[in-house]
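Notes to accompany the following structure.
Quick caveat: nothing in here was measured; it's all calculated off a predicted structure. Quick note: residue numbers are just sequence positions, from 1.
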Amino acid sequence: MIKSFAIIGLSLTSLFSASFAHADWQLDNEHSKVSFVSIKSNSIAEAHHFKALTGELLEQGQFKLEIDLNSVETLIPIRNERMSKLLFEVAKFPAATLSADLSSAVKILKPGLHLLEGKKAELNFHGQTKTLNIDVLVTVLENGDMTVSSFTPVIINAADFSVTEGITQLQKLAGLPSIATAVPVTFTLTLKKQ
């Protein structure tokens, strides 16, 4: 279900609705970010992100986002290396992929701000695939570009993707009493109309 919070440029609505029928969108990595928060020692939260993202939204509504897991940025080089090697195991699983069918949404998006609630997406991460329900805010700009942001954080549980052992290894190497096995993930994506 789509709820419009605000509509910008109402006089241009029909023009942009027509243009969407012949447009694909490519993700702009420089203006996009996927972030997550880790919590260690029960109370110390730290924000991290990935530097390399690719993705597209096709005119038919098929959306795909690929995250290069080796591009994790924690601001501590040795921690980046350990996360890549021990947690993500990038040698075997170099990327995480999120895909969704947004065909019903693409057909009716118009310039302005829209809330897409409970959109189903498939996350393929560490050799496991799970269905997630995601709430996103979509802003369609006057030039046809879009920004897509998480309306609520997406909670990723380590046990769902077989990465609990990697967290345990990181905890031992860092000498920490605990590292949370569930993390909130947020994102802001810019999609350029082609």
Please determine whether the number of non-hydrogen atoms from other residues, nucleotides or ligands lying under 6.0 Å from atom CD of Gln26 exceeds 12. yes
If I take atom NZ from residue Lys110 and atom CD1 from residue Ile108, how far apart are they, to the nearest 0.5 angstrom? 6.5 Å
Interatomic spacing from NE2 in His49 to OG1 in Thr74 - rounded to 0.5 Å: 9.5 Å
Side chains of Asp145 and Asn143: is there a donor and an acceptor less than 3.5 Å apart? yes
When every non-hydrogen atom of Leu98 is compared with those of Ala121, the smallest separation belongs to CD1-CB, 3.7 Å
Rounded distance [0.5 Å steps], CG in Asp28 versus CG in Leu53: 10.5 Å
Side-chain donor-acceptor contact under 3.5 Å, Lys119 with Asn133: no
Ser71 (side chain) donor-acceptor with Lys51 (main chain) under 3.5 angstrom: yes
Common cluster, Val37/Ile155, ILVMFWY with side-chain heavy-atom separation under 4.5 Å: no
Transitive ILVMFWY side-chain link Leu173 to Ile179, under 4.5 Å: yes
Phe187 versus Val148, closest heavy-atom pair with distance: CD1-O, 3.9 Å
Check this for me: does any side-chain nitrogen of one of Glu30 and Lys192 sit under 4.0 Å from a carboxylate oxygen of the other? no
Give a yes or no answer on whether the side chain of Gln171 reaches the backbone of Pro177 with a donor-acceptor pair at less than 3.5 Å. yes
Decide yes or no on side-chain contact (heavy atoms from CB on, under 4.5 Å) for Val163 and Phe125, but give the supporting numbers first. CA-CA 10 Å; Val163 292; Phe125 169 48; 4.1 Å; yes
Would you compute the distance between atom CG of Asn70 and atom NZ of Lys85 and round it to the nearest 0.5 angstrom? 12.0 Å
Answer with yes or no whether the hydrophobic clustering places Ile39 together with Val185; edges join I, L, V, M, F, W, Y residues whose side-chain heavy atoms lie under 4.5 Å apart. no
Below 4.0 angstrom, N of the basic side chain to O of the carboxylate: do Lys64 and Glu56 qualify? no
Single-linkage hydrophobic cluster Val34~Phe93, side-chain heavy atoms < 4.5 angstrom: no
Should the ring pair Phe88 and Phe36 be called parallel, tilted or perpendicular, given that the plane angle runs from 0 to 90° and is split at 30 and 60? perpendicular
Reported CG-to-CG distance for the pair Asp101 and Leu58, which is rounded to 0.5 angstrom: 10.5 Å
Flag for Glu122-Thr131: side-chain donor and acceptor within less than 3.5 Å: yes
Any side-chain donor near an acceptor of the partner, Thr97 and Asn124, under 3.5 Å: no
Calculate, to the nearest 0.5 Å, the distance between atoms OG and NE2 belonging to Ser35 and His48 respectively. 10.0 Å
